[in-house]
Amino acid sequence: MCVSRCLRCVGVSLVPLATVCMLSNILLLLPELKFNFLLEGHVTREATWATGLWGSGILVLLGAQAFVRSSRTTGCCAFRSEMLRQVLYSCVCLMAAGTSCLVSATGLVQGPLCLYNSGAGPVWGVPLQPTADRDAGYLYNRTLWSGVCLEPRGVVQWNMVLFSVLGGASGLQALLCAANILNALLGLVLGRGVGHNKPDVKDS
């Protein structure tokens with residue numbers, strides 16, 4: 001087992017996932033790829049929290065950079081000190097990714113903010129959110145995807161796809177960061193890797 005190789009592998013794997021999270025969150029802020037809904041405040045609440053940008057995006061990217069850089073650390077004491085820092089970085093990234101995953105799941109269950117017909121005429125709200133007598137059944141009822149929201153067009157499918165992608169990518173990040181905590185703890189105890197400094201055994 002090589003702790004350094006695992007650190008580098010986790011760091012490299014987090015980069016495309018963080019990119020996917022940031023792109024998904026940006027697209028969630030731009031229904032129909034238009035800025036006017038964002039400027040008018042007609043964007044789903046969970047998307048405006050931008051956890052895919054600052055959480056599973058920027059913070060995880062900074063953590064990934066630290067993981068890759070620490071994998072090149074040499075020296076026994078220096079490496080163990082670096083592993084202690086990596087435990088802290090991994091915990092921060094785990095919380096950031098976990099928060100983004102939780103927010104994505106909430107946004108998916110609550111449904112999008114949209115213009116819909118009410119008893120008093122068209123109003124902006126969250127018509128598909130669960131209530132005491134209705135769960136998040138809209139996820140499985142395709143007739144509601146285009147029959148409730150008037151604007152933005154196709155916002156139900158838009159949010160479902162992007163929140164699912166964001167939640168899935170954030171969940172994978174959380175798993176990788178949790179694994180990296182264990183890896184860094186092993187590095188703290190064992191050094192760069194089991195068998196890293198084993199002497200060669202020569203035939204007599």
Restricting to pairs with a member in residues 52-63, which pass side-chain hydrogen bond (donor to acceptor under 3.5 Å, both in side chains), not counting sequence neighbours? Ser56-Ser100, Ser56-Ser170
List, one per line, each side-chain donor-acceptor pair under 3.5 Å for residues 152-162, sequence neighbours excluded.
from   : atom 1 : to    : atom 2 : distance (Å)
Trp158 : NE1    : Leu27 : O      : 2.9
Asn159 : ND2    : Thr44 : OG1    : 2.8

Pro112 and its side-chain contact (heavy atoms from CB on, under 4.5 Å) partner, picked from Leu128, Leu28, Val148: Leu128
Just so I know, are the side chains of Glu46 and Ser104 near enough to count as touching, which here means a heavy-atom distance under 4.5 Å? no
Does a side-chain heavy-atom distance below 4.5 Å link Phe67 with Cys9? no
Is there side-chain contact between Val165 and Val20, with at least one heavy-atom pair below 4.5 Å? yes
Gap separating the CD atom of Gln110 from the CZ atom of Phe163, nearest 0.5 angstrom: 10.0 Å
What do you reckon, Cys177 and Cys91 SGs under 2.5 Å? no
About how many Å separate OG of Ser13 and CZ of Arg8, when rounded to the nearest 0.5 Å? 11.5 Å
dist Ile181:CD1 -> Tyr89:OH (nearest 0.5 Å) comes out at 14.0 Å
Just verifying a value: how many Å separate Gln173 CD and Leu59 CG, rounded to the nearest 0.5 Å? 10.5 Å
Among Leu176, Leu185, Val10, Asn180, side-chain contact (heavy atoms from CB on, under 4.5 Å) partner for Ser90: Asn180
Just jot down the salt bridge (Lys or Arg N to Asp or Glu O under 4.0 Å) partners of Arg45, sequence neighbours excluded, or say none. none
For a quick test of reading the model, state the closest non-hydrogen atom pair linking Leu7 to Gln86 and the distance between them. CD2-CG, 4.4 Å
Return the minimal non-hydrogen interatomic distance between Ser118 and Val123, and the atom names on each side. OG-CG2, 3.6 Å
Show the nearest heavy-atom pair for residues Val103 and Trp49, with the distance to one decimal. CG1-CE3, 3.7 Å
